[in-house]
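Note on naming: letters A, B, ... go to the chains in the order of the sequence lines (proteins, then strands), and numbering restarts at 1 for each one.
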Amino acid sequence: MLWSNFFITTSKETPKDATAASHRLMLRTGMVRQLSAGAYSYLPLGFRSLRKVEKIVREEMNRAGAIELMMPVLHPIDLWHETGRVEAMGDVLLRLGGPEGDWRTQTVLGPTHEEVITDIARAYLNSYKQLPVSMYQIQVKFRGEARPKSGVLRTREFLMKDAYSFHDTVDSLDAVYQKMYDAYCRIFARCGLPYVAVEAESGPIGGDASHEFMVLTDAGEDVVALTENQDYAANTERAVSAPLPQDDTAMADVAEIETPNQRTIDEVCAFLKTEARQMIKTLVYTLAYGPDKKRESKTVVALVRGDHDVNENKLDRAAIALLTKTLGAESSSPKPQAPSLDLADEATIKALTGADVGFAGPHSLKGDYLLVVDQAVSVMRNGVTGANKTGYHVQNLNPGRDFSIEGETVSVSDIRNVTDGDLSPKGSGAAIRLRKSIEVGHVFKLGTKYSESMKATYLDKNGKARPLIMGCYGIGLNRIMASAIEAHHDDGGIIWPMSIAPFQVLILALDPKEEDVMNTARALHDELEAAGIDVLLDDRDERAGFKFKDADLIGIPVRVTIGRKGLADGIVELKRRGGDDIDKIAPGTAAARVKEVVKGELERLGAGK
RNA sequence: CGGGGCGUAGCUCAGCCUGGUCAGAGCGCUGCGUUCGGGACGCAGAGGUCGGAAGUUCGAAUCUUCUCGCCCCGACCA
């Protein structure tokens with residue numbers, strides 16, 4: 001491909017709104033152009049990379065035994081009502097507008113395809129003899145993101161590979177899950193991404209187990225917990241740490257102390273000259289449950305250390321477990337329906353504490369409530385917390401002595417986010433470090449969540465109808481591209497991994513008007529192209545420096561510089577983007593050398609089978 | 001959805017507070033000339049109803065109100 005025949009729109013200017021490196025560089029290289037918030041055009045250069053990512057993903061999916069299909073973007077909303085995800089997804093589910101009763105109002109843009117694939121499965125997967133089966137598609141997804149950001153890292157429409165597997169046994173699911181997991185590792189390795197697989201929350205998609213594949217970079221929005229000895233890796237949405245040891249400082253007497261207008265942890269700490277880790281944060285929630293028409297609710301008090309944050313996933317589970325236990329004592333069907341946990345309103349807090357918001361403590365609460373104590377609080381001594389009296393806090397509050405940490409309505413659980421420096425839950429004593437990261441892939445064991453609600457069953461050997469057991473596996477292709485740039489760039493521009501570079505080789509003809517130069521450049525170009533290498537020849541009549549800067553910016557991994565002076569000395573120059581070495585080689589050997597470098601690099605990334 | 005910021009040429013921005021030669025610069029683009037191995041220079045050009053609407057005023061890019069869009073922080077996030 002000749003540069004002059006292609007469409008490349010590089011720019012010297014750094015776009016003002018772009019903060020993430022990938023965003024900045026994708027704009028400067030002209031790989032993408034923003035059309036509106038969260039929607040980008042992929043210009044020819046960017047599209048080539050995206051296609052290469054797609055090709056790698058497709059190859060590895062096929063290798064893992066998945067079969068490609070394509071499902072529609074337009075979904076009837078009824079399908080989503082079947083699984084209850086119209087409510088679960090809320091505004092993320094994009095709906096078409098229109099006059100009342102119009103078909104448009106009954107149509108949504110697909111944010112993911114569990115419902116559609118399950119609809120296919122219930123129609124055609126009727127026998128255990130057909131199982132297991134895995135299918136995938138590579139297709140645009142639509143989500144009503146409230147706040148698109150960081151270029152193509154978070155958009156309202158994006159390209160996703162989504163795969164779904166169907167099974168008759170959990171063992172079969174486990175086997176395919178592992179196969180997909182391995183395929184994902186190969187995909188990210190081949191794309192040159194420094195990734196790590198972590199335990200993850202499954203979120204609204206549901207299911208039993210899941211792993212996320214994360215690229216560690218500050219441009220990411222997720223935070224993962226990794227131990228230094230690598231014995232543990234999890235998303236902080238889920239991460240746990242070793243329990244903290246009992247503090248055995250002697251217990252002092254409880255003392256009430258006036259703290260006028262000091263409500264937040266910071267204010268109280270400054271006022272009392274103590275540290276956040278000595279504080280007990282007392283949070284009040286309302287747990288609602290039961291059928292729509294007969295909603296009941298229970299107040300839940302959660303305690304975490306002042307320097308810790310509540311993890312609402314964990315608190316949710318702990319609170320529901322505790323509620324289930326208490327219901328069990330008085331009801332025959334203890335499992336609470338559709339429980340939902342929210343921060344309590346002011347009136348509830350005032351009734352419970354007898355004080356204004358900001359002065360709650362666990363020791364003298366009024367009325368009926370459930371108490372969930374974080375493990376880190378349960379081992380504290382002489383904590384500081386609200387006095388349940390406006391304008392007052394108490395010091396030297398001790399769990400077990402001053403408020404109960406046992407009993408029917410109390411549980412001690414892990415309900416906080418891990419913090420940097422916590423120890424590995426594996427007992428190795430290794431410290432946990434928190435790292436920002438981008439989620440590029442996610443695999444889930446769904447179980448029967450969708451097959452049950454959508455009545456997707458098969459007949460087993462005994463002729464009995466059973467719900468299909470499912471797994472699902474997603475990869476964000478645009479994110480792979482962007483995170484590759486996040487991971488591989490310098491001040492001059494992008495440093496593409498060979499596998500997903502828009503072109504593998506750039507030939508820089510420095511003096512395109514010189515016949516010798518262009519003839520040599522063309523010959524090399526043609527020979528490489530014939531060998532199946534993606535080669536771009538910069539034939540523009542521009543100054544050398546200008547072309548070098550462009551070359552660095554777009555980051556083609558191998559550069560061959562051909563100039564009048566070099567040819568006079570009988571050499572052309574071969575340079576790797578990102579390296580400093582310049583090889584001066586005879587023009588006649590250039591093609592062979594370049595082929596060798598490209599092949600070697602692809603093999604290093606694991607393209608060889 | 002809450003808080004903050006910004007919409008002026010294809011791109012990056014100045015001008016706005018204090019209304020009146022304020023329709024401006026740089027990059028990019030076109031033409032000519034010089035230059036030519038790490039983003040050259042000179043000269044001459046093309047290009048904008050100052051996001052939109054309403055209002056205040058003799059007069060609005062500039063002040064007011066509304067509205068649309070975009071960005072950042074937070075909430076949310078298969």
When the P atoms of G31(B) and C68(B) are compared, how many Å lie between them, rounded to an integer?
44 Å
For the pair made of CZ in Arg24(A) and P in C11(B), what is the distance, rounded to whole Å?
19 Å
Within the structure shown, what part of the strands sits under 4.0 Å from Asp162(A) by heavy-atom distance: base, sugar-phosphate, or nothing?
nothing
Please check the phosphate of C73(B) (OP1 and OP2 only) for any side-chain N or O of Lys149(A) closer than 4.0 Å.
yes
Scan every strand shown for a Watson-Crick or G-U wobble partner of U18(B), both distances under 3.5 Å, and answer none if you come up empty.
none
Any strand is fair game: report the nucleotide pairing with A40(B) by Watson-Crick or G-U wobble, both distances under 3.5 Å, or none.
U34(B)
Pair Lys141(A)-Asp162(A), side-chain contact (heavy atoms from CB on, under 4.5 Å): steps then yes or no:
CA-CA 10 Å; Lys141(A) 302 287 192 244; Asp162(A) 47 324; 3.0 Å; yes
Kindly say whether Ile494(A) contributes a backbone atom to a donor-acceptor pair with the side chain of His488(A) at under 3.5 angstrom?
no
On a whole-Å scale, what distance lies between the C1' atoms belonging to C71(B) and C29(B)?
28 Å
Residues Glu82(A), Arg122(A): salt bridge by 4.0 Å N-O rule
yes
From the candidates G37(B), C71(B), G38(B), the one with an atom nearest any side-chain atom of Gln34(A) is C71(B)
Among C76(B), G37(B), C70(B), which nucleotide has an atom closest to any side-chain atom of Ala146(A)?
C76(B)
Give one of base, sugar-phosphate or nothing for Phe158(A), where a contact means two heavy atoms less than 4.0 Å apart.
base
Tyr473(A) and Tyr177(A) aromatic ring geometry - parallel, tilted or perpendicular at 30°/60° bounds
tilted
Tell me which nucleotide among U35(B), G39(B), A75(B) gets nearest to the side chain of Arg543(A).
U35(B)
Now, which nucleotide makes the Watson-Crick or G-U wobble pair with C1(B), with each of the two distances under 3.5 Å?
G74(B)
Distance between the P atoms of U8(B) and G48(B), in whole angstroms?
15 Å
Once hydrogens and angles are ignored, does a donor-acceptor distance under 3.5 Å link the base of G28(B) to the side chain of Arg28(A)?
no
Between C22(B) and C36(B), how many Å separate the two P atoms, rounded to a whole number?
41 Å
What is the ring orientation for His23(A) with Tyr40(A), classed by angle as parallel under 30°, tilted 30 to 60°, or perpendicular over 60°?
perpendicular
Rounded to whole Å, please give me the gap between CD in Glu237(A) and P in A75(B).
12 Å
If we take the P atom in both U34(B) and A23(B), what is their distance in whole Å?
38 Å
Please work out which of the three classes, parallel, tilted or perpendicular, describes the rings of Phe188(A) and Tyr184(A), given edges at 30° and 60°.
perpendicular
Donor-acceptor pair under 3.5 Å, Arg559(A) side chain vs G38(B) base
yes
Measuring only the P atom in each nucleotide, how far is U18(B) from C63(B)? A whole number of Å is fine.
9 Å
Among G39(B), G37(B), C72(B), which nucleotide has an atom closest to any side-chain atom of Phe546(A)?
G39(B)
Counting only Watson-Crick pairs (N1-N3 plus N6-O4 or O6-N4) and G-U wobbles (N1-O2, O6-N3), all under 3.5 Å, who is the partner of C63(B)?
G55(B)
Which of G28(B), C73(B), C70(B) is nearest the side chain of Arg147(A)? It is C73(B)
Please give the distance between the C1' atoms of G51(B) and G69(B) as a whole number of Å.
7 Å
Can you check the Arg564(A) CZ to U35(B) P distance for me, whole Å?
13 Å
Partner of C50(B) by Watson-Crick or G-U wobble geometry, both contacts under 3.5 Å, or none?
none
Spacing of the C1' atoms in C70(B) and C43(B) (rounded, Å)
39 Å
Between Asp550(A) (CG) and C27(B) (C1'), how many Å, whole number?
14 Å
Counting only Watson-Crick or G-U wobble pairs whose two distances fall under 3.5 Å, which nucleotide matches G69(B)?
C6(B)
Please report the closest heavy-atom contact between His442(A) and Glu201(A), naming both atoms and the distance.
CE1-O, 3.5 Å
Hey, which of these two, Asp552(A) or Pro148(A), hits RNA chain B nearer its 5' end, going by closest nucleotide?
Asp552(A)
Under 4.0 angstrom, heavy atoms only, what part of the nucleic acid is Gly566(A) near: base, sugar-phosphate, or nothing?
base
Test for a donor-acceptor pair under 3.5 Å between the base of G28(B) and the side chain of Glu13(A), counting only N and O atoms.
no
Could you give the CG-to-C1' distance, from Leu27(A) to C70(B), as a whole number of Å?
13 Å
Does Leu553(A) reach a base, just sugar-phosphate, or nothing at all? Heavy atoms under 4.0 Å.
base
Nearest 0.5 angstrom please: Ile415(A) CD1 to Leu283(A) CG, how far?
8.0 Å
Just how far, in rounded Å, is P of A75(B) from CG of Asn313(A)?
14 Å
Any donor-acceptor pair under 3.5 Å joining the side chain of Asp511(A) to the base of G37(B)?
no
When rounded to whole Å, the CD to P distance for the pair Glu542(A) and C41(B) reads 14 Å
Nucleotide U30(B), atom P - distance to CG of Asp541(A) in whole Å
13 Å
Just call it for Glu573(A): base, sugar-phosphate, or nothing, with non-hydrogen atoms closer than 4.0 Å on any strand.
base
Ser41(A) side chain to Leu43(A) main-chain N or O, any donor-acceptor pair under 3.5 Å?
no
Can you find a side chain N or O atom of Lys547(A) that sits less than 4.0 Å from OP1 or OP2 on G38(B)?
no
According to the Watson-Crick and G-U wobble definitions, with both distances under 3.5 Å, which nucleotide is paired to C29(B)?
G45(B)
Which nucleotide in C70(B), C27(B), G37(B) has an atom nearest any side-chain atom of Ala37(A)
C70(B)
